[in-house]
Amino acid sequence: EIIFSFTMPESLTKWKFMSLAHTKDLKVGSTTENMVTQKDLMVIPNAPRFFREGDKIFLSSKISSLAENELTGNVQLFLTDALTNQPIDELVKNTSAQKSFTVPAKQSTSVEWELTIPEGVQAISYKIVAQAGSFSDGEEMTLPVLSNRRSEERRVGNECRYQRLG
């Protein structure tokens, strides 16, 4: 019997473990096992690829439980300007950053926040953190904010004129 330990990443991942052993008199043995690393509570954001100035959006996240019993807890959305690292919850009208959730055993639930994307912010970092009893998980990502301004290009002969609209 051999016992060993090592640290695995916290992400949901499937691993294939293969071992081979031999003795001094050339007897061999091998085994192959599959294992899955997972957390009992997982936050899975459903975020867009980018934000656009002036958008009113619902940023949602799935909360999955692999626990044997129902979990009740809190989830919070933290928003910062990615360039200055300053909180912008007030600027995006995130008035209820913290929410309560209940997720049945081995099932999922979802939460959402209504946001208004302001002008003048180039990128927004979000962090969603959930906690229920001794379980916790979080996800963090930075998304660009695209301008609402349009541009128009006109060609007159060989000359190209570029004009910003809006």
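Every value quoted in this text rests on a predicted model; they were computed, and no experiment measured them.
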From Ser60 OG over to Trp113 CH2, what is the distance, rounded to the nearest 0.5 angstrom?
8.5 Å
Minimum side-chain heavy-atom gap Glu139-Ile44 below 4.5 Å:
no
Filter on salt bridge (Lys or Arg N to Asp or Glu O under 4.0 Å), then keep only pairs touching residues 116-130, sequence neighbours left out; what's left?
none
Heavy-atom pair with the smallest gap, counting every atom of Arg49 and Pro144:
O-CD, 3.7 Å
As a quick check of understanding, evaluate side-chain contact (heavy atoms from CB on, under 4.5 Å) for Gln131 and Asn74, giving each step before the final call.
CA-CA 6 Å; Gln131 185 167 3; Asn74 292 311; 5.9 Å; no
Residues two or more places apart in sequence or in another chain: which of them pass side chain to side chain donor-acceptor pair (under 3.5 Å) with Asn46?
none
Under 4.5 Å between side-chain heavy atoms, counting indirect links through other Ile/Leu/Val/Met/Phe/Trp/Tyr residues: same cluster for Phe101 and Leu59 or not?
yes
Quick one: list whatever passes salt bridge (charged side-chain N to carboxylate O under 4.0 Å, His left out) with Lys99, sequence neighbours left out.
none
Surrounding CE of Met141 (heavy atoms of other residues, nucleotides or ligands, distance under 6.0 Å), is the total greater than 12?
no
Taking salt bridge (Lys or Arg N to Asp or Glu O under 4.0 Å) as the cut-off, I'd like each qualifying pair that reaches into residues 75-86, sequence neighbours left out, listed once.
none
Looking at Gln122, I want to see if its CD is surrounded by more than 12 non-hydrogen atoms of other residues, nucleotides or ligands under 6.0 Å.
no
Got a sec, which residues hit side chain to side chain contact (heavy atoms under 4.5 Å, CB included) with Asp55, two or more places apart in sequence or on another chain?
Arg52, Ile57, Ile117
Between Lys16 and Met18, is a side-chain contact (heavy atoms from CB on, under 4.5 Å) present by the stated rule, with each step listed?
CA-CA 6 Å; Lys16 184 175 188 177; Met18 297 171 28; 4.0 Å; yes
Heavy atoms of Leu41 and Ala132 approach each other most closely as CD2-N, 3.9 Å
In chain order, what residues pass the side chain to side chain contact (heavy atoms under 4.5 Å, CB included) check against Ser30, with sequence neighbours excluded?
Leu20
Apart from Phe78 itself, residues in the same hydrophobic cluster as defined by side-chain heavy atoms under 4.5 Å
Val129
Looking at Val121 and Pro118, what are the two nearest heavy atoms and their distance?
CG2-CG, 3.7 Å
Is it possible for you to say whether Leu66 and Ile63 belong to one hydrophobic cluster, with membership spreading through side-chain heavy-atom contacts below 4.5 Å?
no
Salt bridge (charged side-chain N to carboxylate O under 4.0 Å, His left out) partners of Glu68, counting only residues at least two apart:
Lys106
Are Met42 and Val111 connected in the hydrophobic side-chain network, where two residues link if heavy atoms are under 4.5 Å apart?
no
Heavy-atom distance under 4.5 Å between the side chains of Glu53 and Val145, does that happen here?
yes
Residue set satisfying side chain to side chain contact (heavy atoms under 4.5 Å, CB included) with Lys24, at least two apart, ordered chain then number -> none
Kindly determine whether Phe51 and Ile124 satisfy side-chain contact (heavy atoms from CB on, under 4.5 Å), including the steps that lead there.
CA-CA 8 Å; Phe51 296 121; Ile124 295 176; 3.9 Å; yes
For Thr72, check side chain to side chain contact (heavy atoms under 4.5 Å, CB included) against everything at least two apart and list the hits.
Glu70, Thr102
Taking atom CG of Asp137 and atom OG of Ser64, what is their separation to the nearest 0.5 Å?
9.5 Å
Gln76 side, atom CD; Ile128 side, atom CD1 - distance, nearest 0.5 Å:
11.0 Å
If you round to the nearest 0.5 Å, how far is CG of Leu115 from CD of Glu112?
10.0 Å
With sequence neighbours excluded, residues passing ring-ring contact (aromatic ring centres under 6.0 Å, His included) with Phe17
Phe4
Test side-chain contact (heavy atoms from CB on, under 4.5 Å) applied to Leu71 and Phe135, step by step
CA-CA 9 Å; Leu71 295 179; Phe135 304 121; 3.8 Å; yes
Under 3.5 Å, side-chain donor or acceptor atoms of residues 82-92 against the rest of the protein: list the pairs with distances, not counting sequence neighbours.
residue: Thr84; atom: OG1; partner: Gln86; partner atom: N; Å: 3.3
residue: Asp89; atom: OD1; partner: Asn94; partner atom: ND2; Å: 2.9

